[in-house]
Amino acid sequence: MKSVGWMLASVIVFLCCVSASAVEISTSAYIGNLNEIVVTAVRRAIPLKDAPANVTVIDKEAIHDSPSRTADDLLRTASGIDTLESDLTEKTKRSVRLRGVPNQGKTLVLLDGMPLNWPIHGDVEWNEVPLGNIERIEIVRGPFSCLYGSNAMGGVISILTRAPRKRFECRIKPSYGTNNTFGTTLNLGGKNSRFGYYFYGRHINTDGYYSALEPLPPHSTKNARRFDNLSGRLYYFPDNKTFLTLGSFYSNSDRNRGREFDNSHRQTGGSYLNYRHHTANGINWSSTVYWHRTNYQTEFDKRPTYDYVEHIETKYSTHWGAVTQASFSLRNWNILTAGVEHKHNGFNQDDKYLLGTRYAESKGEQQYWSIYGQDEMDFIDCKLILILGLRCDWWRSYDGACKDTNPSGSISPYDDNYSSKSYGSVNPKISMVYHITDRTTIRSSMGKGFQAPNVFEMYRSFQRGNKFYLSNPDLKPETLISYEFGVDRSFGNDGLTKITVYDSYGNDFIGNRQIAGTTYQVDNFTKVRIRGIEAEMNYRLARHCSFFSNYTYNKATVEKNDPDPTIEGNYLENSPLNKFNVGFAYDIPAFFKLNVNWRFVDVMYNDAENEEDLDAYSTYNISIERKVGKYLDLLLKCENIFDREYEIPDHTIQKAPGRFWTFSCAYEF
């Protein structure tokens with residue numbers, strides 16, 4: 001089968017060379033420049049050249065042209081990002097992490113300003129943000145708790161969805177792919193002088209594949225999947241200074257996880273309201289109010305026979321909040337941004353055992369109050385920018401309770417109620433940006449990030465197999481101090497290069513401490529160090545022909561670990577030392593648009609002892625698009641075109657899906 005991939009690649013290259021000699025090559029691939037406008041880095045619109053961090057923008061055309069099928073797969077092409085698992089593997093949640101900072105919960109993900117991190121684990125349901133509904137992604141690396149609080153220790157990924165641009169627009173896109181994967185998406189929108197609307201729907205159903213390394217009973221069932229998404233937004237813009245958006249979404253997923261009686265079902269829904277207003281005296285106001293609820297049910301089979309459902313675990317979680325901020329000029333060289341935020345997280349979990357009288361449940365709540373401020377000062381005719389930021393967070397964890405009427409093993413039945421706990425965290429950051437020339441910029445920063453312990457870690461004791469994990473209501477927040485220096489160089493509108501070095505020190509990182517036999521307790525005990533280099537280049541080779549490349553060196557190690565000093569000096573789990581991405585894109589108007597990229601991921605470890613290693617691997621990915629007439633768009637995408645076999649990190653190692661083709665036919669009017 002690999003010969004098929006090589007043959008196809010050779011034919012494509014040959015066609016491109018022949019066509020390039022006959023017609024003008026053009027492409028719409030994203031190049032980028034230092035005048036690109038970004039918002040996430042300082043919570044207001046500024047040119048990229050003034051951003052005090054390494055920021056990557058992925059625009060709508062780059063998203064459309066990418067061979068990736070999902071939003072988290074798309075992020076793999078950016079530097080400094082680790083994307084674990086796949087939407088087709090056994091694991092029900094996927095993790096996207098910035099700069100090797102472990103766990104999804106330490107990288108904040110925003111959807112139109114609303115946090116998507118699940119309050120139970122901090123994870124993100126990436127199927128809530130399907131690729132066909134994204135207008136733009138901004139990736140901001142480094143600790144940003146000075147502006148965004150908890151969850152922003154590794155950085156922030158801000159996803160903005162599409163808005164209507166015409167009086168009426170409609171796009172219908174059916175697709176079919178590997179593993180009998182059917183999909184359909186619908187985009188529908190419109191606007192007039194004051195009102196607008198945009199609706200999106202998606203359905204995907206796939207037979208899945210055998211993800212087990214050895215697909216023998218009981219691991220002999222394909223990972224079948226079904227995903228459904230609905231979202232809608234209403235817009236109101238009475239004048240050119242006021243903008244109001246009301247959004248709502250619903251997502252449903254059903255997954256088989258590789259065994260007949262091991263399945264999961266997840267439903268999420270939410271709403272948000274965004275308000276922006278620019279006053280006559282120069283104050284920019286913005287507010288976001290949001291609500292998000294998840295119902296997540298998992299069926300666990302009986303071990304070691306795996307021949308029936310033993311118990312059903314159901315989690316209910318809600319998080320809601322509001323943030324309001326204002327930006328205004330104190331002088332013509334000084335801009336102040338200040339805001340307040342409040343949010344609430346809560347969960348309930350039930351474990352019903354189908355045989356016997358055992359029953360378990362847990363619950364907990366958290367409330368946050370935050371204030372933040374940022375002062376941007378321009379000096380030397382705007383060549384030097386100094387940014388001072390500070391945020392104060394207070395949170396209270398309360399109503400925590402956990403019970404189990406008949407735990408197995410040596411654990412006695414328990415019914416615990418926990419007293420409330422309150423903590424605070426002060427997170428400063430200082431940044432400097434200096435424009436050496438109009439095309440060359442240097443930047444540096446020093447800042448602190450934190451991650452508050454989530455309610456699941458504090459209040460949820462549970463059993464998996466013969467291991468028992470005890471919660472800890474006395475957990476302290478995890479902290480990270482980071483230093484960064486970078487240089488950006490643009491080539492007008494033809495290219496952009498960036499190089500960034502960073503060094504971070506983490507303290508009180510949370511892990512599982514073994515206290516007796518197969519019993520573990522969540523605790524703060526690990527110190528880590530993470531340092532690395534990010535190098536990026538985007539360049540237009542000809543008038544409309546471009547390529548991109550990036551390299552990440554990220555060394556994330558355990559500096560101190562009290563329960564087991566033998567792992568000190570080891571690499572953090574699932575954190576490769578080296579990563580490469582190279583991509584090439586151009587358009588042959590008389591034939592097709594072509595995008596090709598190559599991705600390399602170095603060796604990484606699936607355990608803290610660094611004994612279970614996953615080999616390095618590389619994949620080639622491709623997309624080919626052909627316009628037919630005015631309204632029809634044919635698109636062929638293939639991930640892992642040479643069917644490269646490699647393993648995916650998880651609690652149990654699995655193999656990757658292999659070559660995955662998707663063909664779509666979009667009709668737009």
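Treat the numbers as computed from the prediction; the structure is a model and nothing was measured.
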Side chain of [X], backbone of [Y]: donor and acceptor closer than 3.5 Å?
{"X": "His319", "Y": "Pro115", "answer": "yes"}
{"X": "Tyr620", "Y": "Arg599", "answer": "no"}
{"X": "Asp59", "Y": "Ala62", "answer": "yes"}
{"X": "Thr242", "Y": "Asp239", "answer": "no"}
{"X": "Asn581", "Y": "Phe600", "answer": "no"}
{"X": "Arg233", "Y": "Arg162", "answer": "yes"}
{"X": "Arg226", "Y": "Ser253", "answer": "no"}
{"X": "Asn117", "Y": "Val109", "answer": "yes"}

[X] bridged to [Y] by N-O distance under 4.0 Å:
{"X": "Asp228", "Y": "Arg202", "result": "no"}
{"X": "Glu61", "Y": "Arg136", "result": "no"}
{"X": "Arg659", "Y": "Glu639", "result": "no"}
{"X": "Lys166", "Y": "Glu668", "result": "no"}

Worksheet item: Does the ring center of His344 lie less than 6.0 Å from the ring center of Trp320?
Response: yes
Worksheet item: If you count the non-hydrogen atoms of other residues, nucleotides and ligands that lie under 6.0 Å from CH2 in Trp291, is the total more than 12?
Response: yes
Worksheet item: Counting only heavy atoms not in Tyr631, do more than 12 sit closer than 6.0 Å to its OH atom?
Response: no
Discussion item. Check for me whether Arg644 meets the cation-pi criterion with Tyr617, that is, NZ or CZ under 6.0 Å from the six-membered ring centre and within 45 degrees of the ring axis.
Written reply: no
